[in-house]
Amino acid sequence: MMDFDRRKEQPIGVFDSGVGGISVLQELLKVMPGENYIYLGDSKNAPYGTKPLETVRQLTFENVRVLLDQGAKGLVVACNTATSAAVRLMRGMYPDLPIVGIEPALKPAALQKEHPRVLVMATPMTVQQEKFRQLMARYEDKAEIYPLACPGLMEFIEAGDLESERLRDFLRELLGPYLDKGLDSVVLGCTHYPFARKMIRSIVGDAVTIFDGGEGTAREMRRRLAAADLLNPSEEAGWVRFENSVATEAELALCQRLLKQEI
Ligand code: DGL
């Protein structure tokens, strides 16, 4: 009995290829403020989205192992790329562990109104994976969907650049071809992109709705932990510990800054 209650106090492990998953961590903290969290970013090996599938799988398995070795009671794969590459296999490896991944929030965007025009921004790997093709197939007759691979975008966020002119130029060029399509919504299908939301918004305009999967993912984790009776009953705020494969002070300071960044 005692041991089981102890398990509830164990942290939730949150993993991303870099600092992007902190956008999901923000949502987790809103939904479950009493939980403890270890956030592990693999910035040394980022980006994942332009690497071969097998490499992303191995890196994800290794990093997840690190979180489990530290006693994570559940796992949030706060990376669309790692989710599409590895989450199904991980569920097979750890059948008793609550594991929640993230995928582009295409559903709410596609059902937002009658046959909307939806731009989905994600990494090259995410848009190429079978998981995304299946997701797209589900909503193809309900919406006009434009998948857009955005290599190079996550690197701005990794460098802590959320508002430079260089980022604006990059986004203008990337989004330019879609601006006359009458977009109804943009889906941020990579967890780094919410940190560029303000700038994306300034380019696509206020009439476009911007979706991301962070909140849905956080709620799903709460459901899974509740179902496993693993929610931390503590009424006090929990702790957050950042770890990164780039273990410099500057990297950890960037993590703290992004945790407070309004998205
Ligand atoms: N943050 C990641 C995602 O949600 C991936 C970025 C990358 O490593 O390419 O897809």
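By convention here, the first residue in the shown sequence is residue 1.
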Mind checking salt bridge (Lys or Arg N to Asp or Glu O under 4.0 Å) for [X] and listing every partner two or more places apart, or none if nothing turns up?
| X | result |
| --- | --- |
| Glu215 | Arg219 |
| Glu249 | none |
| Arg88 | none |

For residues 132-143, run the donor-acceptor check on the side chains, cut-off 3.5 Å, and write out each pair with its distance to 0.1 Å, sequence neighbours left out.
| unit_1 | atom_1 | unit_2 | atom_2 | d |
| --- | --- | --- | --- | --- |
| Arg133 | NH2 | Gln128 | O | 3.1 |
| Gln134 | NE2 | Glu130 | OE2 | 3.3 |

Indicate every side-chain donor-acceptor pair of residues 13-20 with a distance under 3.5 Å to a residue at least two apart or in another chain.
| unit_1 | atom_1 | unit_2 | atom_2 | d |
| --- | --- | --- | --- | --- |
| Asp16 | OD2 | Gly18 | N | 3.2 |
| Asp16 | OD2 | Gly20 | N | 3.0 |
| Asp16 | OD2 | Gly21 | N | 3.0 |

**Message:** One thing to verify: whether Arg172 and Asp169 come together as a salt bridge, which I'm taking to mean a side-chain N less than 4.0 angstrom from a carboxylate O.
**Reply:**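 Looking at Arg172 together with Asp169, the answer is yes, because their closest N to O distance falls below 4.0 Å.
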**Request:** Mind checking ring-ring contact (aromatic ring centres under 6.0 Å, His included) for Tyr39 and listing every partner two or more places apart, or none if nothing turns up?
**Result:** Phe242
Looking at residues at least two apart in the chain, or sitting in another chain, which of them share a side-chain hydrogen bond (donor to acceptor under 3.5 Å, both in side chains) with [X]?
| X | value |
| --- | --- |
| Glu144 | none |
| Lys107 | none |
| Glu251 | Ser43 |

**Any Ser202 side-chain heavy atom under 4.5 Å of Arg168 side chain** = yes
**Residues in side chain to side chain contact (heavy atoms under 4.5 Å, CB included) contact with Val208, at least two apart in sequence or another chain** = Leu183, Val186, Val204
**Request:** State which residues pass side chain to side chain contact (heavy atoms under 4.5 Å, CB included) with Phe170; sequence neighbours excluded, sorted by chain then number.
**Result:** Leu153, Phe156, Leu174
**Request:** Return each pair, listed once, that meets salt bridge (charged side-chain N to carboxylate O under 4.0 Å, His left out) where at least one residue sits in residues 24-34; pairs must be two or more places apart or across chains.
**Result:** Glu27-Lys30
